[in-house]
J.: 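My questions will all concern the structure given below.
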Amino acid sequence: MKNAIEIKNLTKKYGTFTAVDSISLTVKKGDIFGFLGHNGAGKTTTTNMLTTLLEPTSGRATIAGFDILSKPIKVRQNIGYVPENVQLYDTLTAYENLEFFANLSGIAHPKDSINETLEFLDAVSFVHKKIGELSKGMRQRIGLAQAIIHKPSVLFLDEPSAGLDPTGIKQLREIILRLNKEEGTTIFMNTHLLLEVSKICTAIGVLNHGKLVYTDTLANTLKRFKNEDSLEQIYFSIESDTNDK
Ligand code: ATP
């Protein structure tokens, strides 16, 4: 299987409003895919459908070869998801939260997996603090730990850098790169931080008012738009081209 994610005509309507409009997209195994688009473009709605949290109105998608509609449990076993607002129990410690989720997911050796994940994320030092006492960056690290404890082959991140300071953003970038290199994890990342995208993504897609208006590898994109001097300029050029049509 070459593709981690295959999306065909995926659509979501909220009443008469079409939030995601028949998008078709492929993300190759091992890619770090940057999913770009203005506020309200439909990125979270797409991610929620791909992670089986939201039922599509029409269309289909497979994740790691499993259909989101007919094999949702298989999909969940093969993915991790860090939503923009990580949901954890504030009154439990970070470790207790991870224990709770590890037990729920039924992994074979929960304690070993938790410790291994915490070491990988360099999060051992604050694991016995209550979630309510953690900084945004630490909390996000625990959200990430929860999402990768079962070693998913595809990891979805929704605005992972939101609210992080420059050090936190750099650490997160290094973690994403290590996960991708050492574990072979495919990453699907909704983001507004184009500098981050230019540093780590191998492919991008641009969503504009629910429509996928562009997708290609980062290398091809930089070649095709060689007269633009940054990914930010390229992004604006793609957006304004499609708004003009
Ligand atoms: P952002 O970058 O701001 O997070 P986004 O690209 O993730 O935005 P979505 O959150 O997917 O965008 O929202 C897409 C559109 O769908 C928006 O116009 C939003 O108002 C609308 N929308 C999202 N959820 C619902 C809902 N439950 N009911 C009705 N409309 C919704």
Side-chain angles (χ1 to χ4, degrees), residues 1-7 25-36 43-44 46-53 61-68 71-84 86 98 101-102 104-110 112-124 137 139-162 164 168-191 193 196-205 215 217-219:
M1 187 196 39
K2 251 174 67 192
N3 296 327
I5 302 175
E6 286 180 6
I7 304 173
L25 171 69
T26 298
V27 176
K28 286 207 194 74
K29 218 172 150 189
D31 264 352
I32 301 181
F33 186 84
F35 200 38
L36 317 177
K43 302 179 297 294
T44 301
T46 303
T47 304
N48 285 345
M49 288 191 280
L50 297 178
T51 53
T52 76
L53 296 175
T62 59
I63 314 290
F66 298 106
D67 191 286
I68 56 169
K71 295 273 185 282
I73 294 170
K74 281 281 182 199
V75 170
R76 281 176 222 151
Q77 286 168 345
N78 280 277
I79 63 168
Y81 182 22
V82 187
E84 190 171 356
V86 172
L98 294 176
F101 289 111
L104 265 190
S105 71
I107 48 176
H109 303 286
D112 293 347
S113 300
I114 293 171
N115 292 332
E116 201 183 301
T117 307
L118 289 169
E119 267 169 43
F120 181 85
L121 296 176
D122 196 15
V124 177
R139 198 186 153 90
Q140 205 245 21
R141 199 78 65 92
I142 300 304
L144 195 52
Q146 183 198 316
I148 64 171
I149 216 155
H150 57 299
K151 294 193 182 295
S153 62
V154 185
L155 178 65
F156 291 88
L157 304 168
D158 195 357
E159 300 290 350
S161 315
L164 297 186
I169 292 177
K170 181 167 177 280
Q171 287 169 341
L172 180 69
R173 182 195 316 146
E174 287 162 1
I175 289 169
I176 292 172
L177 285 170
R178 264 198 303 128
L179 260 179
N180 178 255
K181 277 210 178 69
E182 293 172 21
E183 306 288 335
T185 314
T186 303
I187 314 278
F188 186 97
M189 183 165 81
N190 298 347
T191 181
L193 290 190
E196 285 307 297
V197 173
S198 65
K199 283 187 177 173
I200 65 172
C201 289
T202 52
I204 62 166
T215 183
T217 64
L218 186 67

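Keep in mind the model is a prediction, meaning the values are calculated, not measured.
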J.: Residues in side-chain contact (heavy atoms from CB on, under 4.5 Å) with Thr52, at least two apart?
T.: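 Result, side-chain contact (heavy atoms from CB on, under 4.5 Å) vs Thr52: Ile68, Pro72, Val75, Arg76.
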J.: Given the rule in the side chain to side chain contact (heavy atoms under 4.5 Å, CB included) test, do Asn190 and Glu84 qualify, once you have shown the distances and angles that lead to the verdict?
T.: CA-CA 9 Å; Asn190 298 347; Glu84 190 171 356; over 6 Å; no
J.: Take atom CD1 in Ile73; do more than 12 heavy atoms of anything else shown fall under 6.0 Å from it?
T.: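 Incorrect, the count does not exceed 12.
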J.: Kindly give the heavy-atom pair with the smallest separation between Pro152 and Ala147, and that separation in Å.
T.: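 Heavy atoms of Pro152 and Ala147 come nearest at CG-O, 3.4 Å.
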J.: Distance from Leu157 atom CG to Leu155 atom CG, nearest 0.5 Å?
T.: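 Interatomic distance, Leu157 CG to Leu155 CG, rounded to 0.5 Å: 4.0 Å.
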J.: Sequence neighbours left out, what passes side-chain contact (heavy atoms from CB on, under 4.5 Å) with Thr62? Give chain and number order.
T.: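 Once residues adjacent in sequence are excluded, the partners of Thr62 under the side-chain contact (heavy atoms from CB on, under 4.5 Å) criterion are Glu6, Arg60, Asp67.
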J.: List the atom of His150, the atom of Ile79, and the distance in Å for their closest heavy-atom pair.
T.: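 Taking His150 first and Ile79 second, the nearest heavy atoms are NE2-O, 2.7 Å.
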J.: One thing to verify: whether Glu174 and Arg178 come together as a salt bridge, which I'm taking to mean a side-chain N less than 4.0 angstrom from a carboxylate O.
T.: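 Salt bridge absent between Arg178 and Glu174.
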J.: Let me confirm one number: the OG1-NZ distance from Thr202 to Lys28, rounded to the nearest 0.5 Å.
T.: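 These two atoms lie 8.5 Å from each other.
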J.: Apply side-chain contact (heavy atoms from CB on, under 4.5 Å) to Asn78 and list each qualifying residue two or more places apart in sequence or on a separate chain.
T.: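 If we apply the side-chain contact (heavy atoms from CB on, under 4.5 Å) test to Asn78, skipping adjacent residues, the hits are Ala64, Phe66, Ser153.
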J.: Looking at CD of Glu159 and CG of Leu164, how far apart are the two atoms once the value is rounded to the nearest 0.5 Å?
T.: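 Reported to 0.5 Å precision, the distance equals 11.0 Å.
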J.: Testing the basics here: between Tyr81 and Thr47, what is the closest heavy-atom pair and its distance to 0.1 Å?
T.: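 So the minimum-distance heavy-atom pair works out to CE1-CG2, 3.6 Å.
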J.: Can you tell me how far CG of Leu193 sits from CD1 of Ile169, rounded to the nearest 0.5 angstrom?
T.: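 Ile169 atom CD1 to Leu193 atom CG measures 5.5 Å (nearest 0.5 Å).
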J.: Can you confirm whether Leu50 sits close enough to Val154 that some side-chain heavy atom of one is under 4.5 Å from a side-chain heavy atom of the other?
T.: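 SC-SC contact between Leu50 and Val154 ruled out.
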J.: Atom CD1 of Ile187 and atom CG of Asp31: how far apart are they, to the nearest 0.5 Å?
T.: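 Atom-to-atom, Ile187:CD1 and Asp31:CG are 10.5 Å apart.
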J.: Quick one: does Glu183's side chain get under 4.5 Å of Ile148's, heavy atoms only?
T.: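 No, side chains not in contact.
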J.: If we ignore angles and hydrogens, is there a donor and acceptor under 3.5 Å between the side chains of Asp158 and Thr44?
T.: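 Yes - a donor-acceptor pair under 3.5 Å links their side chains.
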J.: Quick check: do Leu218 and Ile204 have side-chain heavy atoms less than 4.5 Å from each other?
T.: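 Heavy-atom side-chain distance check passes, below 4.5 Å.
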J.: Side chains of Phe33 and Ile5: does their closest heavy-atom pair fall under 4.5 Å?
T.: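 Counting from C-beta outward, Phe33 and Ile5 never come under 4.5 Å.
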J.: Answer yes or no: is there a donor N or O on one side and an acceptor on the other, between the side chain of Arg173 and the main chain of Glu196, under 3.5 Å?
T.: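 Between the backbone of Glu196 and the side chain of Arg173 there is no qualifying donor-acceptor contact (under 3.5 Å).
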J.: Please report the closest heavy-atom contact between Asn180 and Gly30, naming both atoms and the distance.
T.: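 Between these two residues, the closest heavy atoms are ND2-O, 3.0 Å.
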J.: Would you give the length of the straight line joining atom CD1 of Ile114 to atom CD of Gln146, rounded to the nearest 0.5 angstrom?
T.: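 Between atom CD1 of Ile114 and atom CD of Gln146 there are 10.5 Å.
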J.: Looking at every heavy atom in both Arg139 and Val86, which two are closest together, and how far apart are they?
T.: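 Shortest heavy-atom separation between Arg139 and Val86 comes out as NH2-O, 3.2 Å.
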J.: Heavy-atom distance under 4.5 Å between the side chains of Pro160 and Val82, does that happen here?
T.: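 Heavy-atom side-chain distance check fails, nothing below 4.5 Å.
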J.: Look at the aromatic rings of Phe35 and Phe188 and report parallel, tilted or perpendicular, splitting at 30° and 60°.
T.: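 The arrangement is tilted - the two ring planes meet at 30° to 60°.
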J.: Which heavy atom of Ile142 sits nearest a heavy atom of Leu98, and at what distance?
T.: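 Distance-wise, the nearest heavy atoms are O-CD2, 3.9 Å.
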J.: Start with the C-alpha distance between Glu116 and Lys151, add both sets of side-chain angles, then the distance that settles side chain to side chain contact (heavy atoms under 4.5 Å, CB included), and finish with yes or no.
T.: CA-CA 11 Å; Glu116 201 183 301; Lys151 294 193 182 295; 3.1 Å; yes
J.: As a quick check of understanding, evaluate side chain to side chain contact (heavy atoms under 4.5 Å, CB included) for Asn3 and Val27, giving each step before the final call.
T.: CA-CA 6 Å; Asn3 296 327; Val27 176; over 6 Å; no
